[in-house]
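To start, the structure itself, in structure tokens.
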There are 2 protein chains.
Amino acid sequence: MSPTNPVLNHHISSQFNEELRDVNTKFMTMGGLVEQQVASAIRALLDTDASLAIETQFQDNVVNRYETEIDEALTLILARRHPAAIDLRMVIAMSKANTDLERIGDEAAKIARIAQNLCEEGGSPRGYMETRHIGNQVRIMIHDALDAFARLDVDQALRVLLADGDIDREYQSAMRTLMTYMMEDPRHISRVMNVMWVLRSLERIGDHARNISEQVIYMVKGLDVRHTDVKEIEEKVQEK
Amino acid sequence: MSPTNPVLNHHISSQFNEELRDVNTKFMTMGGLVEQQVASAIRALLDTDASLAIETQFQDNVVNRYETEIDEALTLILARRHPAAIDLRMVIAMSKANTDLERIGDEAAKIARIAQNLCEEGGSPRGYMETRHIGNQVRIMIHDALDAFARLDVDQALRVLLADGDIDREYQSAMRTLMTYMMEDPRHISRVMNVMWVLRSLERIGDHARNISEQVIYMVKGLDVRHTDVKEIEEKVQEK
């Protein structure tokens with residue numbers, strides 16, 4: 001894969017090098033697909049594009065297949081190559097992040113399904129401004145998390161963790177706004193509810209991007225920073 | 001751990017046997033904790049028990065610590081013992097299921113937080129009957145999935161997959177009922193909304209129990225049955 005990733009070139013066995021590089025390429029391709037799936041789901045919703053909504057749901061099968069293939073490849077590497085140190089951490093991190101990517105794909109498919117329903121009902125409900133805004137931020141988070149993974153970039157990973165905090169705050173605020181819309185005009189409850197599910201999915205996607213970034217820190221520094229406050233993570237990373 | 005689990009006794013190295021058994025014991029203990037956490041969260045909600053709700057949220061830290069320790073132990077086993085065949089599959093399955101258990105803990109903490117809010121607001125909103133019913137089923141699913149894991153019981157795992165389909169249908173039906181409540185009496189929108197989030201969490205917990213059961217099938221049969229229809233899984237398992 002990327003020439004900037006030193007892990008993929010340092011092995012005595014060129015066969016092992018190649019296997020790690022192959023699975024890494026697959027992982028990054030899956031990441032790109034998932035990123036695009038999220039973008040399409042949001043676009044389908046905001047542009048009330050029913051055919052894009054349907055297409056985005058089908059794309060989930062491709063993502064699922066990638067998940068299976070990546071796990072298969074990682075298991076073979078574990079069984080045959082007995083990786084150690086950063087190689088082992090890369091395999092473990094990729095196995096965890098693979099699950100997160102697949103879950104992002106699931107959430108994108110859920111958003112696309114809601115988009116399809118809203119297209120059929122017609123009309124543009126409230127809460128789209130919030131969806132566009134949070135949707136854009138979440139897409140950037142996925143992109144940055146994958147970039148951090150590809151370049152073993154801990155600083156970039158830290159920025160994603162910080163961004164997740166912002167998303168959570170904006171999500172809370174958007175939910176309060178939507179709740180007010182519901183109370184003001186109960187005829188729109190069902191539609192506003194759908195937008196709430198979309199926001200919830202976007203918030204979950206942010207969490208998964210955060211998880212992927214935590215795996216980058218684990219891979220590079222050997223630190224398990226899950227369940228740790230961002231400030232504390234920054235300190236730990238600097239000490240190491 | 002369990003004498004019924006043949007994987008934990010067949011190694012030439014008694015050290016390896018012990019390591020696998022230790023991590024398995026830890027995993028089952030964590031599973032028991034998580035199961036109890038879900039039960040407490042639902043009880044706190046239904047009995048409007050604020051102190052239980054707070055306690056259940058704190059319990060999440062214990063679960064998180066287990067997750068970290070189990071992953072550490074599994075990484076050491078991979079690095080030192082180079083497990084193969086069913087041993088390797090057990091390590092991989094436990095690593096994946098470990099993430100699912102932790103996520104169940106997260107969802108239980110979310111339910112407990114909502115329970116706490118509802119206690120403070122006072123009064124018992126609609127939708128509790130549905131919550132009790134789905135909550136009970138989901139608890140049984142976690143229990144059965146863990147039991148299947150401990151006993152390498154593929155038939156039990158299959159039953160959990162079937163149960164997840166039931167939960168999904170009951171969840172959809174409960175959500176429709178709650179939507180009706182909202183429209184009938186918009187003054188209760190905020191409260192009913194909270195019950196909806198609880199149901200959503202329960203449905204997610206069911207998905208995680210399903211994931212754990214899929215890992216049991218992977219561990220025992222070497223089959224990756226994620227993203228596969230239950231009927232098709234049953235056929236595949238019988239062929240193998």
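First the proteins, then the strands, lettered A, B, ... as listed; each starts at 1. Note that the structure is a prediction, hence the values are computed from the model and not measured.
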Can you say whether [X] sits under 4.5 Å from chain B via the side chain, the backbone, both, or neither, judging by heavy atoms?
| X | value |
| --- | --- |
| A:Met179 | side chain |
| A:Asp60 | neither |
| A:Ala84 | neither |
| A:Arg81 | neither |
| A:Arg103 | side chain |
| A:Asp100 | side chain |

Determine the option with the most heavy-atom pairs under 4.5 angstrom with chain A, choosing from [options].
| options | value |
| --- | --- |
| B:Lys96, B:Glu72, B:Arg89 | B:Lys96 |
| B:Arg65, B:Arg187, B:Glu102 | B:Glu102 |
| B:Asn64, B:Thr68, B:Thr75 | B:Asn64 |

Q: Go through A:Ile189, A:Asn61, A:Leu74 and name the one with the most non-hydrogen pairs under 4.5 angstrom from chain B.
A: A:Ile189
Q: Looking only at non-hydrogen atoms, find the nearest pair between A:Ala148 and A:Val216 and report the distance.
A: O-CG1, 3.7 Å
Q) Which bit of B:Arg200 is near chain A, if near means a heavy-atom gap under 4.5 Å: side chain, backbone, both or neither? A) side chain
Q. Salt bridge check: are B:Asp166 and B:Arg169 linked by an N-O gap of less than 4.0 Å?
A. yes
Q) Do NZ/NE/NH1/NH2 and the carboxylate oxygens of A:Lys236 and A:Glu239 come within less than 4.0 Å? A) no
Do side-chain atoms of [X] reach the backbone of [Y] as a donor and acceptor pair under 3.5 angstrom?
| X | Y | value |
| --- | --- | --- |
| B:Thr180 | B:Arg176 | yes |
| B:Glu67 | B:Val63 | no |
| A:Ser40 | A:Val38 | no |
| B:Ser95 | B:Ala93 | no |

Q: Could you go through the side chain to side chain contact (heavy atoms under 4.5 Å, CB included) check for B:Asn211 and A:Thr99 one step at a time?
A: CA-CA 11 Å; B:Asn211 294 344; A:Thr99 305; over 6 Å; no
